[in-house]
Structure formats: structure tokens, C-alpha cells
Amino acid sequence: CFQNTVLVWFPCFYLWLLAPFYALKLYCHDCGCIRISTLCTAKTVILYICCFIEGSQQDNSCVLAICIIQLERIRGCRSSIFLFLFWVLAVVCSLVPLRAKIQLGITTDIVRYTAFFSYFSLQLAQLFLCCFADQPPEGKTVLVKEGVLNLHTQCIIAVPLRLVVKGYRTPLEAGDLWNLREEDTSDKIISDLEEEWTTECRSSTHVLPDQAQILRKLQKEQSSGFCLLRTLARNFGPYFLTGTMCIIFHDFFMFAIPQVLSLLLGFMNEEDAPLWKGYFYATLMFLLSCLQSLFNHQYMYTCFTVGMRVKTAVMGLVYRKSLVINSASRRTCTVGEIVNLVSADTQKLMDFVVYFNAVWLAPIEIALCLFFLWQHLGPSALAGIATVILIFPLNGFIAKKRSKLQVQMKFMDGRIKLMNEILNGIKILKFYAWEKAFLEQVLGYREKELKALKKSQILYSISIASFNSSTFLIAFAMFGVYVLIDDKNVLDAQKVFVSMALINILKTPLSQLPFAMSTTMQAIVSLKRLGKYLCSEELKDDNVAKAPLSTGKNTYWCHVYNGTFSWTKEGPPCLKRINVCVPQGSLVAVVGHVGSGKSSLLSAMLGETEKRSGSVSIKGSVAYVPQQAWIQNATVQDNVMFGREKQKTWYQRVLDACALLPDLEILPAGDSTEIGEKGLNLSGGQKQRVSLARAVYRKADVYLLDDPLSAVDAHVGQHIFDKVIGPKGVLRDKTRVLVTHGMSFLPQADLILVLVDGEITESGSYQELLSRHGAFADFIHTFANTNSTNLQGMEPMSEIDEEQVPEDLGKLMEVDKAHTGRVRLEMYMEYFKTIGMAFIIPIVFLYAFQQGASLAYNYWLSLWADEPIVNGTQVDTDMKLAVYGALGFAQGIAIFGTTVAISVGGIIASRHLHMDLLKNVLHSPMSFFETTPSGNLLNRFAKEIDAIDCMIPDGLKMMLGYLFKLMEVCIIVMLATPFAAVVILPLAILYAFVQSFYVATSCQLRRLESVSRSPIYTHFNETVQGASVIRAFGEQHRFIVQANKRIDFNQTSYFPRFVATRWLAVNLEFVGNGVVLAAAILSVMGKDTLSPGIVGLAVSHSLQVTGILSWIVRSWTDVENNIVSVERVKEYADTAKEAVWTVEGSSLPLAWPQTGTIEFQDYGLQYRKGLDWALKGITLKIQEREKVGIVGRTGAGKSSLALGIFRILEAAKGEIYIDGVNIAEIGLHDLRSRITIIPQDPVLFSGSLRMNLDPFNTYTDEEIWSSLELAHLKNFVSNLPDKLNYECSEGGENLSLGQRQLVCLARALLRKTKILVLDEATAAVDLETDTLIQSTIRQQFEDCTVLTIAHRLNTIMDYTRVIVMDKGHISEMDSPTNLISNRGQFYRMCREARLV
């Protein structure tokens, strides 16, 4: 009867019940029609045959299946999990009648017998065919390279298996990974989302009065996180809901298992029950476990896919925002913080997607568990509810406390921001020997971060201990109340172990809930941060009106009418009452003192500033050359063409006009040479010329040039003016606005604008302004003889130590490489060594003790359950309860001990590893920073350190906990049925085999993912810094496409990783379900010899095996994946380091150098082995108080001398003596802190102005003020709101370039050492300020030795000696007058500069 009813109708019931929902899903997702294929035909024909064979019972189901197959084909569904499950159920349900028919043999009804076997064969054929995918709809790409198997078979068995096997045999490479599906690509995801987000933002913005607007802004910031969540939910919600349906089915099967266990234990108690019942219950339990696994992993797969899409979407939105954010908002968030948004915060959102369902589902699961417990134990179940109610507020309180401790994120932000600045300004740190001061600052942030983390982890340990003991606490409360309220209440096996199975189910939602709540809390914080950034003010499109192109003599191509502009809405205006009309094809020069608003004027024309009033209009396309050249980490050619097609003749013409051809001859691979990040391996002049060439190549209509000639030689400057900017240059027909300090170019300008304090005080042609006898005329007369003469050289290529093969000649940056193979054992040893054996031995002992206590109280329960019942009651229940309680509480204390010990050990290890990484990086030579992208280093300090802080300790807690739990389960199962060892042993070997396969692949995928993440951050970094240039050239779309490619490449490594995890989990759980089957069937077989108590103990524990094994591999993999972070952090321990900072026991006098004499003895310098000598055979003595100018053409070796004196590069031969001390024998800081340089690039760090001048706090405020006065900055600083405590923004962006240069001068005046090196120190200041600086240097450093790498020849004409460098050696050396009278190289330079 059972065979002919339940088993026949169960699959049909599944099909008819779910078919309407499945049809609705197909209706909503149309992927195009699939042509009728052989596969489709075969499935349909088999179903028709089934209809004829089986008759009325299943006809309708076969007809329905045919309809579904055709509907799937029309809607473009290549594979059907729905029908696959139907055929699985049909085959499984046919197994029972199949066994019966085989046992009975051929009976009289041979037709029915044959029909059954034919029908069963056709079912198997259908199941087999369902494992294959149909051809794709026309015009659609396939996810997997050879996609024949259907999606669920692929995700569970085939494709990951191929990948896993390949990863085990040979290390995986990017080419082995699958292509992303179209719906997972950035293009598809972000284009849909961006539209919605824009609409969402617009709906929350209305025009309001000022006060209301401020309130509105605050409200907007508060609700922005919710808006973002709503937008994400609208886009990804429907797909996420399909996963939610799977988890609901999973829960249904999960709760059915204890009910079947109850039936099995009831069967064990019945003396005369037929054996087939026992086998049926055992098989049913196995089947339910398998279905539970299947639905769980389908759910996880959906969640991870949604998480991946959310990450892509948010990264894309943040990137697009960084291209349109206005300067006021940009100043509130640094590059480091933006990188943190796309690294840490997107990860938090991914976790949120995975665990969100637990927030609402866990309470429902808890309620159901308690309902079933009530059925078994009656009102005593209320004691369990009371325990749960007690545990909840405790954990809620802990979660709240931990969310307050999320301030560690703030400290982490600060640390990353500071690290970003240190990496950007590393050259200055080395010149000034400031590494220690910044090291202390970073460690200050780190200590605060770890302190918050430690508190958080201790609270978390209380949480974990209460949850891991929750099984015991609930059981103890319920059983205790049950036996104490009535003597007649006895605990038999059925009551005890069904209750324990339900309590074990209860444990999952109880443990998930705090994690889900904490993840949700963190996600809310991240959503607020992301929402705030995404809702920040953007540049207004109406800042600049784009007028239509029109020709004619008097048309204005650039027009500012009555404009008032400021950098922020609330701040003071930086430009007032500006009226500028630039006729087509004219050259307008803008002049003025440092900080008078010249660069701001160009920014206003570009629409970068806040327009308070007036109007700006520009006709045609714009090209912009910023004052500080922004160079991409790409080849010279890519930088110049900037996304345009190569036009060979025009390209060569541009290179010639911008004087780049001589430079390209020096570069190792010509224009294919890679330029380092921010143009690290180019000199200031070259960067400026590349930046100019980029603009010229563009063939734009309007050119805005912000002082492009400040950093180049006189003859080069003249060449560029003549060939590019001037009346005969390639831009002669274009409209040009040129900011300049060069007086010689002004007579050729059509119009000159004089800016003073943000206002145009005079305007007119050169002659007009002279005839007015105003401030401009006085200025010209004063400086008529001091031409801006630049002799700026380009140094040879970067300093790279290792030999490089010729085809890599132009390559500079080291790509972040993925290690191959499994993680070496040394990495684990390294990690545990850092924690210390004193910590590790107690941890292992505590784990063993905790599991021993657990085993003891479970075994004690089984003995209690088997206790005979005398007069309807059990004896000594009080004593039994007391022993049970004591063992359980002992376990709880041990759990707390282990989790705290591992957390503290993890913090000790991460503190040491971070310290080592920081010291290794700061002790690296300059060549290391020139070849290592800052994105790689930031990735180590952000993501990898975060993994060491949190992920590794959490993974270890889980792995060790489950490992010991597994040992306990195996002991219990083998105690009950020793024969189970025959099953457990081969399963253990299979597990070990599968795990070793999987872990190798998983680690390799994790590494590939890590490596593909660095370029995203590097690209973000570069884009944020060059946003104004990208906008001016209108290249936003190209950069967005590049960012998309990088994000997609990263997701290409991430997707196979989580699919491989699903593959592992499904396969392991199916094998683990075999343990359940073995334990149940062996129990049924030994019915006569086994007591119900021991059977209940064995089967209820075997039900946990699948979960435990799955978690062991998962946590093991997590630890192995994250230990890669230790490997990546330790990577920099083996790179080359510079010499020691201080030599112990050095006899160097405190006042050294006292005189300041410098002596070179046969000194030679190479940038790296195998390259030409940058300096060769330099023998030279500079006397005390001597003033020496160093001049020379491009690549002559001028800057190499400075690098040699500061030991930025170590000598290849010979020595340098300062005051008779060989500088190679003293510590680097002893040397660099006693001599001073004013460098070419003025670098400031975010922090107070005082910190920028004196990071060690060694000088008094009076000394600082006097140095500022001498540097002509006192008036400026005293007018600032916080004076010396004025906060400089990242890179000092809230000061003009000239002001930054003066701050560098103030640093030198403060140190006042006996030796001063000026490396083209006044490139960015106007002539008047330059004259002031020169006079200050002459007065203040009168009794010092001064070496000036000459930039304006007139500044060194009164020096005692001039050294003329040529190709690395000294070609001339004498006083300037003697050199001029000798009529050599120096004379020719002076003649070019019109000084003789």
C-alpha cells in the first residue's frame, strides 16, 4: 500500500505544487529562445513513452513535465534544477518497489513486471539527460569555457572539479579562470544601478532657503545609507529572494529529521516491530539530510553571487563619484579613506548579504525548536525559553558594546591615510631623516586600533562562550525542571535524544544571530559612510557654460563675467569681481605673487571651484596643464596620447615641440619606457614637458596652462615657448591662457592679467601696462635683468638594484605577483612563533579539556536514559543532574578561556607583524619605492593586516573547536557501534584527499584575487589625484572603462573561489550524510544488542558530522587563505634595505659638522649595476662657508651629486668626507639630520603646520615663528584661523605650490645646519619671492656651506665657485667671472640666458 501510494505520489505532489511558481519565474526571466536540439527532443520522446507505459497514475505529471521542458526552451533556460530534483525524487522513490520486485522475482503478472522495469530505466535516462545543459540561446555567451553540463551539475560536480584538479596539479593562472557571466560584469551591474541611484539622490534634493538647506544636508547624510540600501535592494532583491526560498525549504527538511529520529528510537523500543521500518527510517533520514544540504548550498551560492554584485556596484559608484566630487567635499576625505571605502566597507556589505536572512529567520527557527520541545517535554520547555531569553539580552548588550568599539575603523582609516602620505612623500622623509617621527605616529594609531580590537575580542569571547554552552544550558534547564517538578517524569532515550537533536538545531540560529546582528551593525556603519560619500556635493554642470563654436574676429572663446569664486560654499572667496574676455586665437598671460589666485583662476575656468556669482563660458574642447604635473603609471607614449589614436607625424611633431626627443634618447626603452607612479623616475622638468605634450597632442580649442615653464631649463623654456605656446608655435591658432613667472615671455602676450589677492588689478598688453606706470611696470623695471633661467636636468632612470633582461628594459613597476602552490609550513611556524609557545600549549590543553567535558556529559546522559524505571520513576535523579551540571559548567569556562587566549595571541602576532612590515618598508631604499606601486604597499597595510587582526584568530577558533568536536563524535559513534570504524576510516581518508585537493586550489585562487585587487587601489589612487585633469580632457568614460576592467578581473578570481567552496561543501556533506546512514543502519542491524540510549547518542551525534566536517574544511581553508596575508606581509623582509639609521656607540661629535667642508675622492655612482656611471671619478674639495653652484645640461649628473651626499644612493666607488668624516661609516640619520636640503618637489603631510615644520617637537614656538618670518610666511600664517595648528590637507593641497615651497625653506631655516643643498628650490615661486628667498639664504646661511643645483643662473652669479657637470664628470670648475672669461660651456649657457 505504502509503495503504491506515498512513494508514487510524493514526486508528483512536488511537481504539481511548485510548477506554478517555476512557470512564474520563467515568465519573469526571458533569455531568448533556444532552437529545438537533440537533447530537448530526446527528453520529450522519453516522456511520451512514459505516458504510454505507466498509464493513468503518472500521465498527468509526464504531460506537465513536457510542458515545462518546452516553456524552458522558449524562455532560454538551458538547464533545469526543478526537473532535475523531480527525477531524483522519482528515482529514489522507485528504489523501494524495485527492491521488493527483485526479492519477489517474476510473478504471474509479467506485463506489469516488465512495464515497471522499463519505466524505471526511462526515469534513470531522464535523470542522466537532466545533467546536461542545452545549447545557449542565439547571441548569448556561456559562463564556462566548455559549458555542456547543466548549471547545478556544473556548480556541484563537474566544472569546479576540473578547476580543482587543475589547481592541484599545476598552480592556477589568470588564464585558467572562467569568464564572468554578462549579468556579473561591471558594465551591466553599474549601468542599471547608476540610473536608480541618480534618481534616488534627485528625489532627496530640493531647493530650500539656507538654514533649511543645512538641516536638509544633515538629514541627507543621516538617511543616505538607507537610500543606498533601498537602491541596492531594488536591483538585487528579486534574485536574493530566490535564495531565501531555498533556505526556507532547507529549514523544512532540517526540522523533519528530529521527527524521523523520534520514530527510529520508538522502533528501537518496540520488541516486535518489523525490520523494514527501521531501514525505512534510516534511509529517510539520509534522504532528508541530502535534500537539506542541496538547498543550503543553493542558498549560499545565491548569496555569494548577490554579494559579489553588490561589491561591484558599490566600487563602481564610488569610482564614478570620485570623478565628479567637488573640491570642498574632496578635502574632507583623503585618498586613503576612499581606498578604505572600496576595500573594507564593500567587504562588510558582502558579509551582510550572506548573513542578513539569519536576522529574521533565526528567531523563527528558535520558536519552532521550542514548539517541538514543548511537544516532548511539556511545560518544562519554558525553562529552555527562559534560558534563551537570558542569553539574548546578554549578547544584545555585547553586540551594542562591540558596535561602539567600531572606532577601531576610525583609527584604521587614520593609519591608512597616514601610510598613504608617507609613501607619497617618502623621498622627503629620507632627506630629512623623519622616518622615526612618522613611525611613531603610525604606531600611535596602531596601538589605539589594537586596544579597541582587544576590548572587542574579549566581549566577543563572552558571547562565544555563552553560545557554545547554550546547548548544555538549555538542556540542563529543561531536563532539570522536567525531572524535579514530578517524580513520575522520566528521561528515556526518545525524550533525551530527540530533545538534544532539536537543541543542536537550535544552536545554529543562536550562534548565527549575534554574528548576523554584528555584521548588520557593521554594514549599517559602512552604508552610512558610503552613503555620505556618495551623497557629497558634486561639481555643478552649470559652473561653466559650453557655448557653441562660432568663428569671427571678435568672438570670445573664454569669457568670465563678474565672477566671484571660492573653494568651499561657506569659505571666503578666492577670486573676486573677475572679468576676463579671451578672444579666439589669443595668448593671455596671468601674473601675480605666490597665493594671489592665478591657479584658482584656471580652476574657475574649468568649473572646479564654487561659483558664487557671475558666469563662465568656454567654446570648444579644453586641454589643461596643471602646475604640478599629473603623470600616469604607464609608458611615455600612453601618457602623451592619453587615450587618443596614434597619428605618427603629429606625435613626432609634438615630441619635438615639447623638447622631449633628447629625453627619449636617454630613457632605456624610448617612449615605451614605463613611468613610475606619480612620475617617480622623471625629473620635475620632464614631468612638466610630458604633461604639456599630452595637452598639445589633444588638438583642443582652448588651452589652460598653469605655469608649465617653471620647471624647465632656460633654453628648453624658450624652445617650448617658441615652438608651442608663442605666436609661431604649434598652438598659435588656439586660444591660450598661460600662468607664468617668466618675464621674457610677457611682451609676446596679447593680453596680460595682473592678479593681487584674488582680484585683477590691471589688464592690458605689455606696452599698455608699462605706459600706465602701475605696480606691474615697477615690478618689470625691478626684475628686467633677471630672466627666469632654468637649467633643469633630467636624471638617468630609476635606481633598481636587480639586473633586468633587455625586453623588460622600459619596465619599471613590479607587478604584485601571486605566490604559487600551497602555503609553506614556515608561514604557520612564523605565525605561531610570533604568538609564543607559552600561549599555544595552554590553548591546546584547554581545547582538550573542553571537549573531554562535553564527551563526559553526553555519555552521562545516555547512561541516565538507559536507567531502568522502578515504580514509574528513576532513582538518584538529583545526583545525576548535579554531575551533568558540573561537567557542563566546566566546559563553558574552558570555552571562554580558549577564545580569549586565541584572541590575545592573535593580537600579539598582528602587532609584531605590522611592526616588522612598517620597519621593513621604512628601511627600504628609494629604489624600492620607485619600483613598487603604492597600491601594493597600501594593500599590505589595509587588507592583509586586517586579515591578520581578525580573520586568522577567528578561523583558528572555529577550526580547533570543530576539530576537537569531530574527535568527540567519532569516539561516541565507535563506542556505540565499533563496526562503524569500517565506514569512518575510509571516509576520513576520502575527506583528507578532497581537502588537500581543494585547499591547494583555494589558496591559489585567494592569491590571484589578492593580486588582482592591488591594481584597483592603484588605479583609484591615481584617478583621485588626477581627477581635475581627467575632467578637463573629458576622459571620464575611458577611465571608468579601465576601472570596470580591473574590477571585473578581480571578480573573475573571486567567483571560481566561492563556486569551488560550494563544490567542496556539497560533496563533503553528501559523503558526511553517509555517516548518518551508516550509524542508523548499523543501529537497526544491532537492535537486539544495543540499548536505545547509546543508539540515540550515536545517531544524534552522527547528524552533526556533516556540519562539523564541512566547517572544518571551510575554517581550515579560511586560515590557509588568510595565512597568505602573513606570507605577503613577510615578503618585504627579504628585499634590499638601506644602511642602518644610527650606528651604536658612534664617536661622532654632537656638533658635527662644525665647519662644513665636503671632499669627494674619486667618487663614482651608478643607478644600478650594468648601467652607465651617473658620476665618475669626481674629485673635489669644497671649503667651509663656500657657496657652490652646480649647473649642467639634462642628464649631466647634477642631482646625482645631491643624492650621493645624502646617501640616497650609495657610492659605487670612492668616498665622500664631511669635516674629515667618511660619511659611509656613520648612520644614515646621523648624516641626514645634520645636513639640510630644500628639495625640488615641496611635499607637505596632512597634520598641523607645526608638525610639518618640526615633527619631533624639538623647537620652541618662538624659533618656529622666526623661521616663518625669514621665509616670508609670517603674515600668511598669522592670518590663518589656527595659526601654527592650521590643519594642512593631504599633500598640503590647501596651500599654493609657492607657499609649500616657502614652508620647505622654513624647515631649512629651522634646522640651520652647516651644509645646505638647494635642489632647484625656487621653481614654483614668482621672481619677487625668489629674490627674497635668495637674499634670506645669503644672510641666514652666510657661515654655512651652500650647494645650489642652479635653476635660475642669475641666482649663482655671485657664488664663490660654479661646477659645470657634463655626462657624469666635472667639465669646468672656477668662479663665475673666470668661467665666463674662459668662454667655455658656462659662458655659452650664460649667453643663452642673456646674462652676458
Side-chain angles (χ1 to χ4, degrees), residues 185-198 200-201 220-221 224-232 235-236 307-327 329-353 409 412-413 416-417 420 522-539 935 938-939 942-943 1012-1027 1030-1031 1036-1051 1054 1290:
T185 57
S186 303
D187 268 351
K188 178 86 183 84
I189 292 169
I190 299 166
S191 56
D192 296 349
L193 191 78
E194 201 177 9
E195 232 168 81
E196 292 233 5
W197 177 244
T198 314
E200 185 74 57
C201 284
K220 192 176 169 185
E221 278 182 11
S224 53
F226 178 67
C227 292
L228 179 61
L229 181 63
R230 198 162 54 201
T231 311
L232 292 171
N235 268 271
F236 308 115
M308 181 177 91
R309 289 175 187 172
V310 165
K311 184 179 178 181
T312 300
V314 171
M315 277 181 156
L317 284 178
V318 170
Y319 185 77
R320 282 155 178 72
K321 184 71 179 187
S322 66
L323 285 171
V324 292
I325 192 167
N326 70 9
S327 59
S329 305
R330 169 68 185 82
R331 282 173 184 183
T332 59
C333 49
T334 63
V335 181
E337 283 166 342
I338 295 170
V339 168
N340 223 4
L341 286 177
V342 293
S343 60
D345 290 307
T346 48
Q347 188 59 48
K348 299 265 188 295
L349 289 189
M350 280 178 81
D351 295 342
F352 169 68
V353 170
M409 285 293 287
M412 183 181 165
D413 274 356
I416 301 300
K417 171 181 154 188
N420 188 42
Q522 288 178 2
I524 289 167
V525 173
S526 293
L527 277 166
K528 277 183 185 166
R529 282 156 56 100
L530 284 161
K532 186 181 171 187
Y533 178 73
L534 292 173
C535 281
S536 49
E537 296 282 332
E538 295 182 6
L539 291 168
L938 276 183
N939 197 6
K943 190 82 179 173
S1012 62
R1013 209 187 306 120
S1014 295
I1016 298 178
Y1017 302 153
T1018 307
H1019 186 65
F1020 261 78
N1021 214 325
E1022 202 169 71
T1023 306
V1024 171
Q1025 285 169 337
I1030 297 167
R1031 282 194 291 267
Q1036 294 97 316
H1037 178 70
R1038 183 169 64 88
F1039 274 79
I1040 285 169
V1041 169
Q1042 281 182 17
N1044 285 356
K1045 275 185 189 161
R1046 284 171 157 89
I1047 291 169
D1048 284 352
F1049 180 57
N1050 177 238
Q1051 299 294 35
Y1054 174 76
E1290 190 177 11

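These numbers were taken from a predicted model, which means no experiment stands behind them.
- Smallest separation of non-hydrogen atoms from S1012 and I1016: O-CG1, 3.8 Å.
- The two residues L228 and G531 have their closest heavy-atom pair at CD2-N, 4.3 Å.
- In this structure, the side chain of R1031 engages the main chain of L323 through a donor-acceptor pair within 3.5 Å.
- Rounding to the nearest 0.5 Å places CD of E194 at 6.5 Å from CD1 of I1040.
- Residues passing the salt bridge (Lys or Arg N to Asp or Glu O under 4.0 Å) test with K1045, sequence neighbours excluded: none.
- To the nearest 0.5 Å, the span separating CD on Q347 from CD on Q522 amounts to 11.0 Å.
- The residue from T346, D345, D351 that alone fulfils the side-chain contact (heavy atoms from CB on, under 4.5 Å) condition with S526 is D345.
- Residues forming a side chain to side chain contact (heavy atoms under 4.5 Å, CB included) with V342 (at least two apart in sequence, or on another chain): M315, V318, Y1017, F1020.
- The two residues I325 and S536 make their nearest non-hydrogen contact at CD1-OG, 3.5 Å.
- A donor-acceptor pair is defined here as one N or O able to donate and one able to accept, closer than 3.5 Å; no such pair exists between the side chain of N1050 and the backbone of R1046.
- To the nearest 0.5 Å, the span separating OG on S322 from CD1 on I1030 amounts to 8.0 Å.
- A523 pairs by the side chain to side chain contact (heavy atoms under 4.5 Å, CB included) definition with L349, F352, not counting sequence neighbours.
- Remark: I190 CD1 to W197 CH2 distance equals 14.5 Å, nearest 0.5 Å.
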Assess the residue pair R529 and N340 against the criterion (side-chain contact (heavy atoms from CB on, under 4.5 Å)); give the C-alpha distance rounded to whole Å, side-chain angles, the decisive distance to 0.1 Å, and a yes or no. CA-CA 10 Å; R529 282 156 56 100; N340 223 4; 4.2 Å; yes

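- Of the possible polar contacts, one joining the K321 side chain to the L534 backbone as a donor-acceptor pair under 3.5 Å is found.
- With contacts defined as side-chain heavy-atom distances shorter than 4.5 Å, the pair N420/N1021 qualifies.
- Remark: side-chain polar atoms of Y319 are not paired, donor with acceptor, to backbone N or O of H1019 under 3.5 angstrom.
- I189 has its side chain within reach of F236: a pair of non-hydrogen atoms, C-beta onward, lies under 4.5 Å apart.
- A pairwise comparison of heavy atoms in T312 and S186 identifies CG2-OG, 3.4 Å as the closest pair.
- In this structure, CG on N939 lies 8.5 Å from OG1 on T1018, to the nearest 0.5 angstrom.
- Under the 3.5 Å distance criterion, the side-chain polar atoms of R230 are left unmatched by any main-chain donor or acceptor of F226.
- Interatomic distance, Q1042 CD to N1044 CG, rounded to the nearest 0.5 Å: 10.5 Å.
- In this structure the side chain of L193 reaches within 4.5 angstrom of the side chain of L232, judged on heavy atoms.
- Side chains of D1048 and T185: no donor on one and acceptor on the other come within 3.5 Å.
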